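Quantities reported herein were computed from a predicted structural model and do not represent experimental measurements. By convention here, the first residue in the shown sequence is residue 1.
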Amino acid sequence: MTTSERAPDRYPVRFWDVGDLKGLDFDPFMADRLRDDPVSRVKLPHGEGHAWLVTRYEDVKFVTSDPRFSRQAVLGRPITRLAPHFIPLDEAVGFADPPEHTRLRKSVAKAFTARSLDRLRPGAQRAADELLDAMERQGPPADLMEHLNGPLPLAVISDLMGVPEEDRPRMAEWTNVQLSAGHGRKASEQAKENMAAYFTELLGHRCAEPRDDLAGDLAQATTQGELSMAEAVAVALLIQASAAHAVRNNSGNMVYALLTHPQHTARLRSEPGLLPQAIEELLRFIPHRNAVGLARVATEDVEVGGVLIRAGEVVHSSYLTANRDPAVFDRPDELDFDREHNPHLSFGHGPHFCLGSMLARLESEIILATLLRRFPRLRLAEPVESVPWQRDALIRGPERLPVTW
């Protein structure tokens with residue numbers, strides 16, 4: 001029987017009731033699909049209809065890089081998804097396909113080069129030291145999410161963007177509401193509108209009074225006709241929200257992983273040169289989001305993993321399951337700092353590969369290295385089962401991370 005002749009009931013639609021998971025537990029629904037049904041049909045809690053879910057490493061790479069799968073085609077369709085709302089604005093780079101996508105990324109790419117990020121390192125390290133100085137003065141126990149993992153990523157991306165310190169609490173609140181499924185669509189859309197209005201005003205100021213920051217770069221792109229103001233605002237909003245929130249949670253997950261793997265932590269203390277390799281393994285290992293993110297739509301019939309996906313059908317790809325594919329990673333469910341070949345997809349793949357990947361690595365390295373150096377006896381201040389995790393989150397992470405030293 002050829003692919004196109006397979007019976008429709010070969011691919012039943014499974015409802016994916018994405019619940020809050022404990023700690024760094026891997027979603028059993030994802031694990032089952034990867035093992036038993038790598039290209040399957042699912043329905044998520046919000047939106048309409050169903051979508052294909054692609055889970056294997058090579059299939060995920062294929063879908064996320066083949067131009068026959070479009071992000072732009074998602075706009076205007078109430079596709080099945082985890083969140084009650086779409087996170088990016090319609091003009092955002094996340095919804096664009098090349099060549100529009102290439103044009104939008106070009107406007108901010110220079111801010112994320114290795115040379116540009118090297119200039120950020122001293123300030124980021126200084127901020128981390130000051131935050132931990134304050135935590136140390138307060139004394140144990142202390143919440144690392146409050147004292148370090150939350151404020152540091154917010155400070156770093158705000159410095160890069162040009163958001164003044166007095167406005168950062170609003171940024172944090174708006175971002176938290178947008179990147180949660182628990183606040184409801186109305187509140188999330190309002191937070192997005194508030195943030196868009198803020199950046200419209202900020203970029204307007206930069207047009208009148210240019211400055212050497214990312215908002216200034218975006219403003220310059222609008223005055224030179226490279227971007228519309230709506231496009232520039234959408235890019236600013238996506239970068240600010242994603243960078244602060246994702247690194248907060250991913251770095252919190254990394255610290256939690258180390259605190260619950262004491263032998264791994266002891267090794268990093270004795271072999272500090274291993275840290276960059278360990279960070280890559282932590283990036284692969286931690287389940288950094290719930291379910292899946294923004295989908296794509298097939299623009300023509302395409303075969304994926306032996307399954308024919310028809311033109312117009314929606315496809316979700318899971319980077320998390322790709323990172324656990326046993327065809328690529330030996331003992332994928334183990335945290336292994338000796339894993340030298342580690343082509344994980346934690347920052348995506350293809351045209352939408354995360355522009356801020358090097359920034360996220362830099363911040364994670366500063367956070368982990370500084371904690372390991374300054375607090376040789378750092379440990380959880382509560383039983384592991386008492387550590388609270390965010391509920392209804394799109395990006396997974398601890399709500400609090402109580403530690404003592």
Shortest non-hydrogen contact from [X] toward [Y]:
X	Y	result
His46	Leu82	CD2-O, 2.8 Å
Leu152	Ala124	CD1-O, 3.7 Å
Glu365	Ile279	CA-CD1, 3.4 Å
Ser317	Val292	O-CG1, 3.7 Å

Test item: Arg77 and Val74 side chains (from C-beta on) under 4.5 Å apart, heavy atoms: no
Note, Ser357 side chain near Phe112 side chain (heavy atom, < 4.5 Å): no
Verify the distance criterion only: is there a donor paired with an acceptor across the side chains of [X] and [Y] at less than 3.5 Å?
X	Y	answer
Asn250	Ser364	no
Gln390	Asp20	no
Ser158	Glu165	no

Could you check whether any side-chain N or O of [X] sits under 3.5 Å from a backbone N or O of [Y], counting only pairs where one atom can act as donor and the other as acceptor?
X	Y	value
Thr64	Gly350	no
Arg81	Ile79	yes
Thr321	Ser318	yes
Asp213	Gly216	yes
Asp330	Pro326	no
His261	Ala257	yes
Thr102	Pro98	no
Asn290	Val18	no
Glu231	Ser228	yes
Thr175	Ala172	no

Contact list for [range], test ring-ring contact (aromatic ring centres under 6.0 Å, His included), sequence neighbours left out:
range	value
residues 191-229	none
residues 383-405	Tyr256-Trp389, Phe375-Trp405
residues 339-370	His101-His352
residues 128-155	none

Audit row: Arg170, Asp167, salt bridge (charged side-chain N to carboxylate O under 4.0 Å, His left out) steps and yes/no: CA-CA 6 Å; Arg170 285 192 291 167; Asp167 293 337; 2.9 Å; yes
Residue Gln224 excluded, over 12 heavy atoms near CD under 6.0 Å: yes
Separation of [Y] [atom2] from [X] [atom1] (nearest 0.5 Å):
X	Y	atom1	atom2	value
Gln240	Leu160	CD	CG	9.0 Å
Thr55	Leu320	OG1	CG	11.5 Å
Glu363	Met254	CD	CE	10.5 Å
Leu237	Gln178	CG	CD	5.0 Å
Ile157	Leu359	CD1	CG	5.5 Å
Ser251	Leu371	OG	CG	9.5 Å

Salt-bridge contact Asp32-Arg35 (side-chain N to carboxylate O under 4.0 Å): yes
Arg400/Asp143 ion pair, N-O < 4.0 Å: no
Listed once per pair and sorted, the salt bridge (Lys or Arg N to Asp or Glu O under 4.0 Å) pairs that draw on [range], sequence neighbours left out:
range	value
residues 311-327	Arg324-Asp333
residues 43-55	none
residues 249-269	Arg267-Glu271, Arg267-Asp338

Trace of the salt bridge (charged side-chain N to carboxylate O under 4.0 Å, His left out) decision for Lys106 with Glu226: CA-CA 9 Å; Lys106 184 180 178 181; Glu226 298 170 1; over 6 Å; no
Can you name the residues that form a salt bridge (charged side-chain N to carboxylate O under 4.0 Å, His left out) with [X], not counting sequence neighbours?
X	value
Arg168	Asp159
Arg56	none
Asp118	none

Derivation of the side chain to side chain donor-acceptor pair (under 3.5 Å) call for Gln125 and Thr370: CA-CA 8 Å; Gln125 182 64 65; Thr370 308; 3.1 Å; yes
Residues that Arg68 engages under side-chain contact (heavy atoms from CB on, under 4.5 Å), provided they are two or more places apart: Phe62, Asp66, Thr299, Glu300, Val302
Partners meeting side-chain contact (heavy atoms from CB on, under 4.5 Å) with Glu281 (sequence neighbours left out): Arg284, Leu335, Asp336, Phe337, Arg339, Asn342
Steps toward salt bridge (charged side-chain N to carboxylate O under 4.0 Å, His left out) verdict (Arg391, Glu399): CA-CA 8 Å; Arg391 300 179 62 83; Glu399 181 180 322; over 6 Å; no
Partner of Asp217 under salt bridge (Lys or Arg N to Asp or Glu O under 4.0 Å), chosen from Lys110, Arg211, Arg206: Lys110
Candidate pair Arg71 and Asp97, rule salt bridge (charged side-chain N to carboxylate O under 4.0 Å, His left out), full reasoning: CA-CA 6 Å; Arg71 279 277 184 85; Asp97 296 327; over 6 Å; no
Phe69/Val297 under side-chain contact (heavy atoms from CB on, under 4.5 Å): CA gap, chis, key distance, verdict: CA-CA 5 Å; Phe69 294 98; Val297 173; over 6 Å; no
Derivation of the side-chain contact (heavy atoms from CB on, under 4.5 Å) call for Leu21 and Phe26: CA-CA 8 Å; Leu21 295 163; Phe26 198 74; over 6 Å; no
